[in-house]
There are 4 protein chains.
Amino acid sequence: MAEQAGAGAGSGIPTDRVETLADTVFAIVMTLLVLEFIIPADLRAADLGTFLGDLQPTLRSYVVTFVALGVYWVGHHLQFRFIQRADRPLLWINILFLMVISLLPFTTALLGRYPDEQLPVLLYGSHLVAIGLVNELHWVYATRGHRLTSATLDPRVIQLAERRILFAPAMALLAMGLSFLSLLAAQVVFLLLFVPYSLPSRIERHFAHAERHGGKV
Amino acid sequence: MAEQAGAGAGSGIPTDRVETLADTVFAIVMTLLVLEFIIPADLRAADLGTFLGDLQPTLRSYVVTFVALGVYWVGHHLQFRFIQRADRPLLWINILFLMVISLLPFTTALLGRYPDEQLPVLLYGSHLVAIGLVNELHWVYATRGHRLTSATLDPRVIQLAERRILFAPAMALLAMGLSFLSLLAAQVVFLLLFVPYSLPSRIERHFAHAERHGGKV
Amino acid sequence: MAEQAGAGAGSGIPTDRVETLADTVFAIVMTLLVLEFIIPADLRAADLGTFLGDLQPTLRSYVVTFVALGVYWVGHHLQFRFIQRADRPLLWINILFLMVISLLPFTTALLGRYPDEQLPVLLYGSHLVAIGLVNELHWVYATRGHRLTSATLDPRVIQLAERRILFAPAMALLAMGLSFLSLLAAQVVFLLLFVPYSLPSRIERHFAHAERHGGKV
Amino acid sequence: MAEQAGAGAGSGIPTDRVETLADTVFAIVMTLLVLEFIIPADLRAADLGTFLGDLQPTLRSYVVTFVALGVYWVGHHLQFRFIQRADRPLLWINILFLMVISLLPFTTALLGRYPDEQLPVLLYGSHLVAIGLVNELHWVYATRGHRLTSATLDPRVIQLAERRILFAPAMALLAMGLSFLSLLAAQVVFLLLFVPYSLPSRIERHFAHAERHGGKV
């Protein structure tokens, strides 16, 4: 069985190091976003007001991506509440995940600089879809046949998490479709799509249950 | 009760991961400030002296923001000495906090580049007020009804910390008012407002007491 | 004996701090790579499509270096599964290792910007060779005479790891040679050379064995 | 007694968080140094060779500062092997230390860009002196009257460490003096001054002794 091999072989990398690398990457991507607030070297003091006003789309895309990073960071940790060990393929799915996450400052910058163009919206949407699919791959790989989780993990929790993960790329596709009608509507969806993730879910009730019995789930 | 729900449900994110993310964000924002010391590509060696002299406002705003980051970093840790668990809303207040902190290199750069303009001073002041309010929200959310703290935490400590947190935005408002009279005076207040935070407070006596009895407060 | 001195003297730096510094450096280098996706300040909306198309070499070199960083990060941790303590020379070999790793954004940028030139390929290849040699030095220093490892560590594992480490610089030399025939072929080798590292190796079987007996290897 | 107050009051910040913040700042400053390897947007392929040759001073200052950061990072950890608790003044001396460390990419960039000017050498030397003095302040504050160290810490170790710390700023002053005769000689001293720090010292023998008896020194 693949699961057996994965569980038995060990990867030499405990999950806590994977989480540290991810935490640091998330923190850096978050803080690099500010670099898009560029003050032109030749900006005259008299034009400061106009300049600040024109930054509105940049600020909007900053907020969207920061919230998205928050959601994925929380989700990454939630996954590792259930994942008990890492193997080499999981490590590499993680590195792939960080590779797409690390590109966010670029697509965010395009979104902020060209608020009246559809191409950046489509690119940003595709980026969210790509992140969502790698995220899903991460979860499916770890949980299929309880490969890297506790054997007693409730299958309903696995399925519930899967649906939660797929909600973001589904909405990103919707936003991309909407962009053919209205660019602003598409960007509003980008922001709103993350709202449900900030609400408690049924997964948490599972944690509450598990915590009363100690340790990882 | 909201508190009950928060405490009972668990967030799946222990407070130590929240602190790690925050630590890393603070460290990065601190080190990104140096990027504002830009050496123009065409700066001639003969103009080096003048160039260095002209960096004075940049250095001043560098120090102000570095000290501010130090204060908020210390304060963040002090809060987590009292906060025993995280729930989803607290996580999101934290992410909101990091979102406003991460913008500091931008408002700091404006302050350093336009030392003779009032607009950057007002913007920087508003930024400090916003940080202060999110900080306050963080504390109030965690402590109301002892939502995420020990049930035995002294209400006087809660109130004392609250007043300490609100001191910074109050002084920032004062600096903004002063800026109508003197830009330099306003910037001096920005720096001095952090001095009291470097002094020991009555909160520490509480820690000393708690430490003698072990564990979190 | 040199080994004795190293083991006996202690360095004052437990290996976990060395790993934290390395983790953070790797995470930052990974995220700094995105800075090479530069959007020219005067890029017109109409040229967005062309601009994105032209980014292909940049994306290719981004992927190559991200994967390389992933491999070296995993390898660094694998080494520290076997290394039980640090001494001053090991610390400095580590700092030398981070020094060459931290230059990767530069050689990667050259590779992405000049896809039709051989010089960046040769430079990038030499960079990989240099990283590989420092990596090898790290392992040889730590394991010779079991200087910093358990005395019971199987010599076959030491040799196996050594050969795995030297595979990357050997292939980089091959890619450099190939570049005289075809630049694309050379870059394909840069990417493919990391594939074997994502597969489980015989070293892992050793871990599985050791884990069953607890603690460091 | 001041020592008593410091030791008794506690700061609410255990030393491990201070070390994490410092580790992260050091790692970021190290990796930001690569940003000085700027590829001009209009660099023609034909000029690549010349461009790379001209980077030599940049590479030299990169190495000097990377090594310096390595030395201070090791030294910071060595100090915290002896420092058992933090108080508020120590926290702020630390933040001051990180504030001067974080400016290194700037003075390093000047050194690399103007290899034939004396001003950058004097500025860089002063920077090293400033770092050395804050470093010394850190150590003296923590150890005077055994304020934040074990009461049994050998006074000879305290003094030995003090002399080691002051060696760097002393040599930096020497380099500044030398720069009036030869700029190259001054820069060689900048690099060589860190060599003794990579050698084991008598302090390590103290560690070896302490480790045999467990815990912090």
Side-chain angles (χ1 to χ4, degrees), chain B residues 16 19-20 22-41 43-46 48-49 51-52 55 58-59 62-63 65-67 69-71 73-82 194-195 197-201 203-212 217, chain D residues 5-14 16-33 35-36 38 40-41 85-89 91-120 122-123:
Chain B
D16 66 329
E19 292 178 76
T20 302
D23 279 0
T24 315
V25 166
F26 273 99
I28 303 165
V29 177
M30 282 172 172
T31 41
L32 284 186
L33 295 175
V34 76
L35 298 185
E36 192 52 24
F37 290 78
I38 301 156
I39 311 169
L43 179 68
R44 288 179 314 141
L48 260 177
F51 164 71
L52 289 175
L55 279 179
T58 300
L59 184 63
Y62 174 85
V63 171
T65 299
F66 214 102
V67 170
L69 286 165
V71 164
W73 175 71
V74 173
H76 195 262
H77 279 295
L78 285 175
Q79 287 203 23
F80 277 99
R81 285 293 306 260
F82 295 104
F194 293 110
V195 171
Y197 292 102
S198 64
L199 306 173
S201 94
I203 291 177
E204 254 117 34
R205 261 180 271 150
H206 186 77
F207 279 133
H209 177 80
E211 260 153 22
R212 261 174 271 123
V217 187
Chain D
S11 72
I13 308 274
D16 66 330
R17 302 233 73 98
V18 180
E19 292 177 75
T20 302
L21 187 78
D23 280 359
T24 314
V25 166
F26 272 100
I28 303 165
V29 177
M30 281 173 174
T31 43
L32 284 187
L33 294 176
L35 298 184
E36 190 54 22
I38 301 156
R85 49 193 176 275
D87 62 4
R88 240 175 228 267
L91 274 187
W92 281 99
I93 296 171
N94 249 292
I95 289 170
L96 180 63
F97 182 62
L98 298 181
M99 198 192 293
V100 285
I101 286 287
S102 295
L103 279 173
L104 274 172
F106 171 62
T107 49
T108 303
L110 281 175
L111 201 62
R113 284 208 212 167
Y114 300 96
D116 304 324
E117 295 296 316
Q118 191 187 11
L119 190 52
L122 293 178
L123 193 70

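A note on names: the letters A, B, ... follow the listed sequences, proteins ahead of strands, and every chain is numbered from 1.
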Open item on the list: What's the separation between atom CZ in D:Arg17 and atom CG in B:Asp16, rounded to the nearest 0.5 Å?
Closed with: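 CG of B:Asp16 is found 7.5 Å from CZ of D:Arg17.
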- [ ] Enter the distance from D:Arg88:CZ to B:Tyr197:OH here, rounded to the nearest 0.5 Å.
- [x]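 Answer for the CZ-OH pair, D:Arg88 versus B:Tyr197, is 10.0 Å.
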With a 4.5 angstrom heavy-atom cut-off, could you sort out which part of [X] is near chain D: side chain, backbone, both or neither?
X: B:Leu35; result: side chain
X: B:Phe51; result: side chain
X: B:Leu33; result: neither
X: B:Leu52; result: side chain

Task: Heavy-atom side-chain proximity of B:Thr31 to D:Phe26 below 4.5 angstrom - done: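 When only atoms from C-beta onward are counted, D:Phe26 and B:Thr31 do not touch, as no gap falls below 4.5 Å.
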Open item on the list: Does any part of the side chain of D:Ile28, heavy atoms only, come nearer than 4.5 Å to the side chain of B:Met30, both counted from C-beta?
Closed with: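 Of all side-chain heavy-atom pairs linking D:Ile28 with B:Met30, none is under 4.5 Å.
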Open item on the list: Using the rule side chain to side chain contact (heavy atoms under 4.5 Å, CB included), only one of D:Val100, D:Leu103, D:Leu98, D:Leu96 pairs with B:Phe66; which is it?
Closed with: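 Testing each of D:Val100, D:Leu103, D:Leu98, D:Leu96 against B:Phe66, the sole residue satisfying side chain to side chain contact (heavy atoms under 4.5 Å, CB included) is D:Leu98.
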Task: Top contributor to chain B interface from D:Asp116, D:Leu110, D:Thr20 [non-hydrogen pairs under 4.5 Å] - done: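 Ranked by contacts with chain B, first place is D:Leu110.
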Per-residue contact mode, [X] against chain B (heavy atom under 4.5 angstrom):
X: D:Tyr114; value: side chain
X: D:Leu21; value: both
X: D:Ile38; value: neither

TODO: State whether the side chain of D:Arg113 and the backbone N or O of B:Ile39 hold a donor-acceptor pair below 3.5 Å, judged by distance alone.
DONE: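 Present.
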- [ ] Please report the closest heavy-atom contact between D:Ile95 and B:Trp73, naming both atoms and the distance.
- [x]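 It is CD1-CE3, 4.4 Å.
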Open item on the list: Testing the basics here: between B:Tyr62 and D:Ser102, what is the closest heavy-atom pair and its distance to 0.1 Å?
Closed with: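 What the structure gives for the nearest pair is OH-CB, 3.2 Å.
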